[in-house]
Peer 1: 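Sending over a structure as structure tokens; questions will come in a sec.
One-based numbering, in listed order, for ligands and for the atoms of each. If you read the sequence from its start, that first residue is 1, and numbering goes on from there.
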Amino acid sequence: MKNIILFGPPGSGKGTQAVMLQEKYNLVHISTGDLFRFEMKENTRLGKLAKEYMSRGELVPDEVTIEMLSNKVDQNPDAQGFIFDGFPRTIKQAEALDTLLNEKNTEIFRLLALEVSEEEIISRITNRGKTSGRADDLNVDTIKNRIKVYNDSTRPVFDYYAEEGKSFAIDGMGSIEEIQERLSGCILDEE
Ligand code: AMP
């Protein structure tokens, strides 16, 4: 089983790349951001709760996020591997993910971090906001807070997996195809 974490700041291209990798390597793509947006659209209790945090660019509390992720993993017992997009975003989430995967006799293979300059991030998110309809892509203060939260709470997850030699930084600048090639090189080089 090949479980991959696609890592990087908001607007680094995780979603786009994850969809392509999912098809290429027959992995199940789980995006916690997409899951929350689905709950919001359906106006569920979880969706209403998530909306409060998302609109401010804050993280949804670990407990609810971990439970939602865990349910999604359980719904895919035949998966040949997962590509986690936007999860884990805290050390607590990373520890919970490791426990969850250990229980299934598997583990994280690699964390691939897309590196993109802050200038480029802001420009990409603002552009996406024009068509995504995402409230958190439109408000400059929210975008800035998402970057701050990434730097404060999420970046340490890179070091957490680096301790096990699993973290790799990938240049996230360039065309979608070029970045896809770089990621693929990192997924295949042990097969
Ligand atoms: P994303 O689509 O990954 O950029 O996520 C959008 C928003 O959803 C984030 O700014 C958070 O408010 C929330 N979110 C997504 N994934 C997580 C997570 N793993 N932990 C906490 N909040 C999350």
Peer 1: Should V149 and V60 be counted in the same cluster of Ile, Leu, Val, Met, Phe, Trp and Tyr side chains packed under 4.5 Å apart?
Peer 2: no
Peer 1: Which ligand 1 atoms, with their elements, are less than 4.0 angstrom from a heavy-atom of T65?
Peer 2: 18 (C), 19 (N), 20 (N), 21 (C)
Peer 1: Tell me, which protein residue and heavy-atom name are nearest atom 11 (C) of ligand 1, and how many Å apart are they?
Peer 2: E58 O, 3.5 Å
Peer 1: Taking N or O atoms only and a 3.5 Å limit, does G57 qualify as a polar contact for ligand 1?
Peer 2: no
Peer 1: For atom 6 (C) of ligand 1, what's the nearest protein heavy-atom neighbour? Residue, atom name and distance, please.
Peer 2: R134 NH2, 3.6 Å
Peer 1: Hey, is ligand 1 close enough to Y53 that some N/O pair sits below 3.5 Å?
Peer 2: no
Peer 1: Atom 16 (N) of ligand 1: which protein heavy atom is closest, and how many Å away?
Peer 2: T32 OG1, 2.8 Å
Peer 1: Around E42, counting heavy atoms of other residues, nucleotides and ligands shown, do more than 12 lie under 6.0 Å from its CD?
Peer 2: yes
Peer 1: Any atoms of ligand 1 less than 4.0 Å from a non-hydrogen atom of R37? List them with their elements.
Peer 2: 2 (O), 6 (C)
Peer 1: What orientation do F87 and F84 show, parallel under 30°, tilted 30 to 60°, or perpendicular over 60°?
Peer 2: tilted
Peer 1: Under 4.0 Å between a Lys/Arg side-chain N and an Asp/Glu carboxylate O for D34 and R37?
Peer 2: yes
Peer 1: Are F7 and L35 connected in the hydrophobic side-chain network, where two residues link if heavy atoms are under 4.5 Å apart?
Peer 2: yes
Peer 1: Pull out every atom of ligand 1 sitting under 4.0 Å from any heavy atom of R146, numbered as shown with elements.
Peer 2: 4 (O)
Peer 1: Kindly indicate whether a cation-pi arrangement holds for K2 with F109, taking the cut-offs as under 6.0 Å to the six-membered ring centre and within 45° of the axis.
Peer 2: yes
Peer 1: Identify the closest protein heavy atom to atom 13 (C) of ligand 1: which residue and atom is it, and at what distance?
Peer 2: M54 CG, 3.8 Å
Peer 1: With a sphere of 6.0 Å drawn around CD of E163, does it hold more than 12 non-hydrogen atoms of other residues, nucleotides or ligands?
Peer 2: no
Peer 1: Just to be sure I'm reading this right: ignoring hydrogens, which of D137, D85, V60 gets closest to atom 21 (C) of ligand 1? Compare them by their nearest heavy atoms.
Peer 2: V60
Peer 1: So which of F84, Y150, F36, F87 gets nearest to atom 23 (C) of ligand 1, if we judge by its closest heavy atom?
Peer 2: F36
Peer 1: Using a strict cut-off of less than 4.0 Å between a Lys/Arg side-chain nitrogen and an Asp/Glu carboxylate oxygen, indicate whether D137 and R146 qualify as a salt bridge.
Peer 2: yes
Peer 1: Among all protein heavy atoms, pick out the one at the shortest distance from atom 9 (C) of ligand 1; state its residue, atom name and that distance to 0.1 Å.
Peer 2: R89 NH2, 3.9 Å
Peer 1: Check whether the side chains of D136 and Y53 place a donor and an acceptor atom closer than 3.5 Å, and report yes or no.
Peer 2: no
Peer 1: For the 3.5 Å polar cut-off, considering only N or O atoms, please tell me whether D136 and ligand 1 meet it.
Peer 2: no
Peer 1: For atom 20 (N) of ligand 1, what's the nearest protein heavy-atom neighbour? Residue, atom name and distance, please.
Peer 2: Q93 NE2, 2.9 Å
